[in-house]
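Because only heavy atoms are used, hydrogens play no part in the values below, and waters and symmetry mates are left out as well, while side chains stay in.
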Amino acid sequence: MTSVFLSTDPRADALLTHDRFALLVGMLLDQQVTMESAFAGPQKLVDRLEEFTPASVAAMNPDAFLEAFREPPAVHRFPGSMAARVQSLAQMIVDDYDGSAEAIWTTPTADGSAPTGPQILRRLKALPGFGDQKSKIFLALLGKQFGLAAEGWREAAGDYGPDDAFRSIADVVDDDSLQRVRETKKAMKAAAKAAKAASSAQTS
């Protein structure tokens, strides 16, 4: 596949294109920082660590891993909590998915059938740091840009599923779409703020 446009940095995007653990970590880091900064994080870790796999990250000394997070430019603005979450994510992938990040959405169900969109969503929501919204966004990202063909993935992704949603990183493929997503997010925040103000006025 052609390289994605998630971090806007060619090296970081090339990593995200072929490394599913890096992609998961980028999604995990997408909190209280810009989308581009979050998805650039895995490349920083690759540059600083001898190995970047679920098994190697899970096995690292937490203090040493934290230092890799803190090294300027920092991987995230909250290195302590996010480094711990990344290691927890890596450990769960080792324990539950034999060290394969992609197995989260490819491992067959108990009856041997391919997992559906709702089933994959449940698996994602069980991961450290993946709440309902983040899980739906990542499911949409898999479906829109990484060839996931699971039955019902669009419906499971909710508002992030439609091709014309432009609500999340799942819809970012170039600079124009990045700006559209930013505008949508800005409008949603403004609407939420206005609704909150209206509600407060009614109750006062």
Side-chain angles (χ1 to χ4, degrees), residues 1-7 12-31 35 38-39 41-43 45-46 51-59 82-173 177 181 184-185:
M1 64 179 292
T2 56
S3 185
V4 294
F5 188 86
L6 303 177
S7 73
D13 283 338
L15 173 68
L16 298 168
T17 299
H18 68 76
D19 188 322
R20 298 297 176 261
F21 178 53
L23 188 69
L24 262 177
V25 170
M27 188 74 247
L28 176 61
L29 295 174
D30 189 12
Q31 180 176 326
M35 295 181 289
F39 282 91
Q43 183 63 58
L45 291 171
V46 166
E51 188 178 2
F52 184 71
T53 64
S56 65
V57 169
M82 297 310 290
R85 284 185 188 175
V86 171
Q87 281 200 289
S88 295
L89 173 65
Q91 189 65 62
M92 187 168 183
I93 293 172
V94 170
D95 293 343
D96 296 352
Y97 296 99
D98 295 324
S100 170
E102 195 166 4
I104 296 167
W105 51 93
T106 60
T107 299
T109 59
D111 64 5
S113 59
T116 64
Q119 289 169 330
I120 295 171
L121 181 64
R122 283 197 291 274
R123 294 177 184 179
L124 291 170
K125 288 170 68 173
L127 300 175
F130 276 71
D132 183 67
Q133 184 181 49
K134 189 182 292 287
S135 298
K136 287 179 177 178
I137 291 172
F138 191 76
L139 180 61
L141 178 61
L142 292 175
K144 292 179 179 182
Q145 300 196 43
F146 290 88
L148 179 71
E151 180 183 351
W153 73 260
R154 285 188 188 275
E155 292 78 8
D159 291 339
Y160 303 101
D163 279 330
D164 59 353
F166 291 102
R167 297 169 68 97
S168 73
I169 193 70
D171 301 300
V172 175
V173 296
S177 53
V181 169
T184 300
K185 287 189 166 204

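- Side-chain atoms of L141 and L6, non-hydrogen and from C-beta on, do get closer than 4.5 Å to each other.
- Among residues two or more places apart in sequence or in another chain, the side chain to side chain contact (heavy atoms under 4.5 Å, CB included) test is passed with D96 by M92.
- Taking W105 as the reference, F138 meet the ring-ring contact (aromatic ring centres under 6.0 Å, His included) condition, with sequence neighbours excluded.
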Verdict with reasoning, L148 to I120, per side-chain contact (heavy atoms from CB on, under 4.5 Å): CA-CA 11 Å; L148 179 71; I120 295 171; 3.9 Å; yes

Residue pair L127, L28: steps toward the side-chain contact (heavy atoms from CB on, under 4.5 Å) verdict: CA-CA 10 Å; L127 300 175; L28 176 61; over 6 Å; no

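- Side-chain atoms of T17 come within 3.5 Å of backbone atoms of V4 as a donor-acceptor pair (strictly under, hydrogens ignored).
- Here Y97 pairs with nothing under the ring-ring contact (aromatic ring centres under 6.0 Å, His included) rule; sequence neighbours left out.
- Between L124 atom CG and I104 atom CD1 the span is 6.5 Å, to the nearest 0.5 Å.
- Among residues two or more places apart in sequence or in another chain, the side chain to side chain contact (heavy atoms under 4.5 Å, CB included) test is passed with A22 by L15, L16, D19, P42, F52.
- In this structure, the separation between CG on D13 and NE2 on H18 is 11.0 Å, given to the nearest 0.5 Å.
- Every residue two or more places apart in sequence or in another chain was checked for a side chain to side chain contact (heavy atoms under 4.5 Å, CB included) with D98, and none qualifies.
- Judged by distance alone, the side chain of T116 and the main-chain N or O of G152 form no donor-acceptor pair under 3.5 Å.
- Residues satisfying the ring-ring contact (aromatic ring centres under 6.0 Å, His included) criterion with F130, sequence neighbours excluded, are absent altogether.
- With rounding to the nearest 0.5 angstrom, the CG atom of L23 is 6.5 Å from the CZ atom of R20.
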side-chain contact (heavy atoms from CB on, under 4.5 Å) assessment of M27 paired with F39: CA-CA 7 Å; M27 188 74 247; F39 282 91; 4.1 Å; yes

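- Looking only at distances, no side-chain donor or acceptor of S7 sits under 3.5 Å from a matching main-chain atom of A12.
- Side-chain contact between P54 and V94: present, with at least one pair of heavy atoms (C-beta onward) separated by less than 4.5 Å.
- Atom-to-atom distance recorded for S113:OG and Q119:CD is 6.0 Å, nearest 0.5 angstrom.
- Checked by atom type and distance alone, the side chain of E155 never pairs as donor or acceptor with a backbone atom of G161 at under 3.5 Å.
- Residue G117 comes nearest to A156 through the heavy atom pair C-CB, 3.7 Å, listed as atom of the first residue, atom of the second, then distance.
- Applying the side chain to side chain donor-acceptor pair (under 3.5 Å) definition to pairs two or more places apart or across chains, those involving residues 125-138 are K125-D132, D132-K136, Q133-Y160.
- Smallest separation of non-hydrogen atoms from P162 and G158: CD-O, 3.6 Å.
- Residues passing the side chain to side chain contact (heavy atoms under 4.5 Å, CB included) test with A83 are F65, L66, F69, sequence neighbours excluded.
- For the side chain to side chain donor-acceptor pair (under 3.5 Å) test, no residue two or more places apart in sequence or in another chain qualifies with Q87.
- Applying the side chain to side chain donor-acceptor pair (under 3.5 Å) rule to R123 yields no partners; only residues at least two apart in sequence or on another chain are considered.
- The salt bridge (Lys or Arg N to Asp or Glu O under 4.0 Å) check on R154 picks up D163, with sequence neighbours excluded.
- Judged as a side chain to side chain donor-acceptor pair (under 3.5 Å), and not counting sequence neighbours, R167 has no contacts.
- Side-chain contact between I93 and L24: present, with at least one pair of heavy atoms (C-beta onward) separated by less than 4.5 Å.
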